[in-house]
S.K.: 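This is the structure, below, for whatever I ask next.
Being a predicted model, the structure only gives us computed values, none of them experimental.
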Amino acid sequence: MASKSYEAAYRKVFGDRLVNLLANATTEEEIKDLYVDWASTYDKDLFTAGLVYHKHQTECFDAAIKQVFLDKPKNEIKIIDVGAGTGLIGVELKKLGYTNLHALDMSQEMLNEAKKKNAYQKFICAPLRDQRISEIETGEFDASICCGTLIAGHVRAEAFVEMIRMVKIGGLIHFNIRTGDLDDYVYQQKMLELEKAGRWVNVLKTTAPHYDRDDMPKESLVFVYKVLKN
């Protein structure tokens with residue numbers, strides 16, 4: 001379920017959509033069904049909730065990219081937006097000069113909304129889990145960004161393996177996790193396991209604003225990893 005401390009606020013803004021669909025046992029079909037009817041009003045509801053993370057996350061991502069791809073023009077850096085949803089992250093990345101953007105999401109309805117924003121070159125409708133996504137080659141992308149997606153019930157920790165596979169060696173993986181979800185849903189355990197196995201190395205851990213409302217989560221944790229082995 002949604003975090004108890006924010007459950008009332010979630011109900012007020014989102015109704016019962018999220019409260020009962022954030023459990024770790026939620027199925028992919030239940031998640032897909034959630035977004036069938038919600039996609040068309042999703043952006044409006046998030047902004048009503050005081051969403052601000054899309055701007056802060058992309059600025060953090062941009063700073064990390066500049067440190068790794070020193071001589072590569074932004075329009076040549078191939079990026080996949082993992083759990084792209086309606087494309088809010090893509091819009092902000094485009095403003096920053098990134099145009100070689102691909103969107104991955106399990107909801108076709110959400111991707112249909114993302115297409116309207118004219119920020120992405122390609123759309124891939126597939127769930128993010130530990131299984132290989134056939135449309136994506138190993139090491140295909142210079143970097144990935146995943147914002148607002150790694151929450152209980154939506155994506156299991158095992159999906160980090162596939163996220164690593166998508167990005168070339170030396171490339172970056174950027175994602176955020178709500179503080180409570182880091183420990184409660186074994187994300188941290190898997191992150192450390194993959195680092196010990198030499199698959200990736202953490203280059204940044206910080207916090208960033210999430211919602212601009214006192215009754216909603218104010219911050220989330222931000223992580224950037226460098227891929228060492230696909």
S.K.: Of the non-hydrogen atoms in L204 and C60, which two are nearest, and what is the gap between them?
M.R.: CD2-SG, 3.5 Å
S.K.: With E109, which residues qualify under side-chain contact (heavy atoms from CB on, under 4.5 Å), at least two apart?
M.R.: V36, A39, S107
S.K.: Please walk me through it: do D81 and Y120 pass side-chain hydrogen bond (donor to acceptor under 3.5 Å, both in side chains)?
M.R.: CA-CA 9 Å; D81 183 359; Y120 302 96; 2.6 Å; yes
S.K.: Just checking K72: does its NZ atom have more than 12 heavy atoms from other residues, nucleotides or ligands closer to it than 6.0 angstrom?
M.R.: yes
S.K.: Distance from N100 atom CG to E76 atom CD, nearest 0.5 Å?
M.R.: 9.0 Å
S.K.: I'd like to know whether I89 forms a side-chain contact (heavy atoms from CB on, under 4.5 Å) with T58, so could you lay out the CA-CA distance, the side-chain angles of the two residues, the decisive distance to 0.1 Å, and finally the verdict.
M.R.: CA-CA 7 Å; I89 292 295; T58 50; 3.8 Å; yes
S.K.: Any non-hydrogen side-chain atom of C147 less than 4.5 Å from a side-chain atom of F175?
M.R.: no
S.K.: Testing the basics here: between A103 and A84, what is the closest heavy-atom pair and its distance to 0.1 Å?
M.R.: CB-CB, 3.6 Å
S.K.: Shortest non-hydrogen contact from M106 to I31?
M.R.: SD-CG2, 3.8 Å
S.K.: How many angstroms lie between atom NE2 of H174 and atom SG of C146, to the nearest 0.5 angstrom?
M.R.: 9.0 Å
S.K.: State whether a side-chain donor-acceptor pair under 3.5 Å links T86 with D43.
M.R.: yes
S.K.: Do R165 and T138 have a side chain donor and acceptor closer than 3.5 Å?
M.R.: yes
S.K.: Around atom CG of D214, are there more than 12 heavy atoms of other residues, nucleotides or ligands at under 6.0 Å?
M.R.: no
S.K.: Applying side-chain contact (heavy atoms from CB on, under 4.5 Å), run through F223 and M191 and close with a yes or a no.
M.R.: CA-CA 10 Å; F223 298 88; M191 289 154 63; 3.5 Å; yes
S.K.: Who are the salt bridge (Lys or Arg N to Asp or Glu O under 4.0 Å) partners of K55, not counting sequence neighbours?
M.R.: none
S.K.: Are I133 and I124 close enough that some pair of their side-chain heavy atoms sits under 4.5 Å apart?
M.R.: yes
S.K.: Hey, does L51 have a side-chain heavy atom less than 4.5 Å from the side chain of D212?
M.R.: no
S.K.: Is the distance between the ring centroids of F61 and H56 less than 6.0 Å?
M.R.: no
S.K.: Using a 4.5 Å cut-off on heavy atoms from C-beta on, say whether the side chain of N202 contacts that of V224.
M.R.: no
S.K.: Do you know the tightest heavy-atom contact between K190 and A157?
M.R.: CG-O, 3.4 Å
S.K.: About how many Å separate CG of N230 and CD of E140, when rounded to the nearest 0.5 Å?
M.R.: 11.5 Å
S.K.: Is there a path of hydrophobic side-chain contacts, each under 4.5 Å between heavy atoms of I, L, V, M, F, W or Y residues, that connects V222 with I79?
M.R.: no
S.K.: For A49 and R213, which heavy atoms make the closest approach, and how far apart are they?
M.R.: O-CD, 3.1 Å
S.K.: Hey, are the side chains of F123 and N112 touching, using non-hydrogen atoms and a 4.5 Å cut-off?
M.R.: no
S.K.: What distance separates E135 CD from M166 CE, expressed to the nearest 0.5 Å?
M.R.: 10.0 Å
S.K.: Under the 3.5 angstrom rule, does the side chain of R199 hit a backbone N or O of K229 as a donor-acceptor pair?
M.R.: yes
S.K.: Yes or no on side-chain contact (heavy atoms from CB on, under 4.5 Å) for K168 and K78, after CA distance, side-chain angles and deciding distance?
M.R.: CA-CA 10 Å; K168 72 179 187 181; K78 191 173 185 179; over 6 Å; no
S.K.: Under 4.5 Å between side-chain heavy atoms, counting indirect links through other Ile/Leu/Val/Met/Phe/Trp/Tyr residues: same cluster for L192 and Y187 or not?
M.R.: no
S.K.: Contact between E195 and L228 at the side-chain level, heavy atoms closer than 4.5 Å - yes or no?
M.R.: no
S.K.: Which pair of heavy atoms, one from S40 and one from D37, lies closest together, and at what distance?
M.R.: OG-O, 3.9 Å
S.K.: With a 6.0 Å cut-off on ring centres, are F160 and Y225 close enough?
M.R.: no
S.K.: Quick check: is V68 connected to I65 through a chain of hydrophobic side chains (ILVMFWY, heavy atoms under 4.5 Å apart)?
M.R.: yes
S.K.: How many angstroms lie between atom OG of S144 and atom CD1 of I164, to the nearest 0.5 angstrom?
M.R.: 9.5 Å
S.K.: Could you tell me whether the side chains of Y35 and D105 share a donor-acceptor contact shorter than 3.5 Å?
M.R.: no
S.K.: Under the criterion side-chain contact (heavy atoms from CB on, under 4.5 Å), I'd like the reasoning laid out for Y42 against M110: C-alpha separation, chi angles, the key distance, then a yes or no.
M.R.: CA-CA 9 Å; Y42 183 81; M110 295 287 271; 3.7 Å; yes
S.K.: Report yes or no: do F69 and L96 belong to one cluster of Ile/Leu/Val/Met/Phe/Trp/Tyr joined by side chain heavy-atom distances under 4.5 Å?
M.R.: yes
S.K.: Do I145 and V82 make a side-chain contact, defined as non-hydrogen atoms from C-beta onward lying under 4.5 Å apart?
M.R.: no
S.K.: For the ring pair F141 and H102, is the centre-to-centre distance below 6.0 Å?
M.R.: yes
S.K.: Distance-only, no hydrogens or angles: does the Q121 side chain make a donor-acceptor pair with backbone N or O of T99 under 3.5 Å?
M.R.: yes
S.K.: Keeping S220 on the side-chain end and R178 on the backbone end, is there a donor-acceptor pair under 3.5 Å?
M.R.: no
S.K.: Once you round to the nearest 0.5 Å, how far does CD of E162 lie from CG of D130?
M.R.: 8.5 Å
S.K.: Kindly indicate whether the side chain of N176, heavy atoms from C-beta on, has any atom under 4.5 Å from the side chain of H210.
M.R.: yes
S.K.: Same cluster or not: W200 versus L221, using hydrophobic residues (I, L, V, M, F, W, Y) connected whenever any side-chain heavy atoms lie under 4.5 Å apart?
M.R.: yes
S.K.: Might you work through the salt bridge (charged side-chain N to carboxylate O under 4.0 Å, His left out) test for K196 and E193, ending with a clear yes or no?
M.R.: CA-CA 5 Å; K196 288 179 180 179; E193 176 187 317; over 6 Å; no
